[in-house]
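Throughout, protein chains are lettered first and strands after them, A, B, ... in sequence-line order, and every chain is numbered starting at 1. The structure displayed is predicted, hence computed values, not measured ones. Computed from heavy atoms alone, side chains included, the values below leave out hydrogens, waters and symmetry copies.
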Number of protein chains: 2
Amino acid sequence: MTSVSEKASLARPFAPALEKLRGAGLRPTRQRLALAKLLFDGPDRHVTAEMLHGEALRARVQVSLATVYNTLHQFTDVGLLREIVVDAERSYFDTNVGTHHHLFDENSRALHDIPECDVRLDTMPGLPAGMEVSRVDVIVRMRKA
Amino acid sequence: MTSVSEKASLARPFAPALEKLRGAGLRPTRQRLALAKLLFDGPDRHVTAEMLHGEALRARVQVSLATVYNTLHQFTDVGLLREIVVDAERSYFDTNVGTHHHLFDENSRALHDIPECDVRLDTMPGLPAGMEVSRVDVIVRMRKA
DNA sequence: GTGTTTGCAAAGTGTTTGCAATTTA
DNA sequence: TAAATTGCAAACACTTTGCAAACAC
């Protein structure tokens, strides 16, 4: 049994996460709330399923890796996350869903946003009829010199 | 036993492929020659291991899928191919190793070069010390409107 | 209560590897 | 003949799925 005040005090740190889930029409389960908190509290970030799972466990949140995968995809489907394909070995998810580009460290495999890189695509070549651009990804790859 | 004339007539269509392998310091084995011919005869192309393996079999060239994978990576290592990360599900290899960008069809999963798309990266943000840009990938993703 | 979500373990996918047999130089 | 290459099958890493139990509303 959970008292009203206990619930309120417990809920407060989860309020932003709760909003996000509510707004997206996803049931605020314990797991989803905890993952949303990890993802969206604080600055933008880039995670892999494995990373987020590890963080959750360290934060004493019981979640299975399968649920982390499912949750990341659900969040992506409702536009809370953006999936970035930079590395054939694993999938990255970005909490920044606005238009921006990426800087990938090939040594550490860390992914960063490029904040103010002006990319101009001149002469976008004619797409085949009935096709539209769904997105343009720019990935600057760096490594130890 | 193979006669000299038979060898010569057989070798002619493989001459460009042979050059490539020689130049790269790779032994021209039957498999590598056949794969090089499929890859480099004709216009630039984008292949996955599965695709190239299928083609080889259809052309009555006996190659195992493992060898196709190994060969694609060897070719990539010596600069004959470039690996493109566009799809989390599979790896693409591009015979065009010059600077250029890509157009990816999310429906058919076909990959194309963008021939003359001028991409200007202004204000390349300062890289961390000791790091250099190894490459910039630009991927325009399109899908059915 | 009813439909949704979870966790597990099993299955799946694309890819890599160990090693004996084969091929190249 | 010595060294490199191949093919197979097993191993791999990451990801998805089937289904019963747990949960949200």
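- Base pairing annotation: D:dA22 forms a Watson-Crick or G-U wobble pair with C:dT4, both donor-acceptor distances under 3.5 Å.
- For the pair B:L57 CG and D:dC8 P, the interatomic distance rounds to 10 Å; values are reported in whole Å.
- Applying the 4.0 Å criterion to OP1 and OP2 of D:dC8, one finds that B:S64 has every side-chain N and O outside that range.
- A donor-acceptor contact under 3.5 angstrom links the side chains of B:D105 and B:S108, judged on distance only.
- When both pairing distances are held under 3.5 Å, D:dA2 makes a Watson-Crick or G-U pair with C:dT24.
- A donor-acceptor contact closer than 3.5 angstrom links the side chains of B:D113 and B:H102.
- Applying the side chain to side chain donor-acceptor pair (under 3.5 Å) rule to B:T48 yields no partners; only residues at least two apart in sequence or on another chain are considered.
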Protein within reach of the bases, or only the backbone? For nucleotides 11-25 of chain C, mark each nucleotide 5' to 3' as B, S or -, using heavy atoms under 4.0 Å.
---SSBB------BS
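- The nearest whole Å value for the distance from the CZ atom in A:F93 to the P atom in D:dC14 is 14 Å.
- A:L33 contributes atom CG, which lies 11.0 Å from atom CG of A:L38 (distance to the nearest 0.5 angstrom).
- The aromatic rings of A:F75 and A:F40 sit tilted, their planes meeting at an angle between 30° and 60°.
- The residues A:E55 and A:R45 are annotated as salt-bridged, a charged nitrogen and a carboxylate oxygen being separated by less than 4.0 angstrom.
- Counting to the nearest Å, the P atom of D:dA13 and the CE atom of A:M51 are 19 Å from each other.
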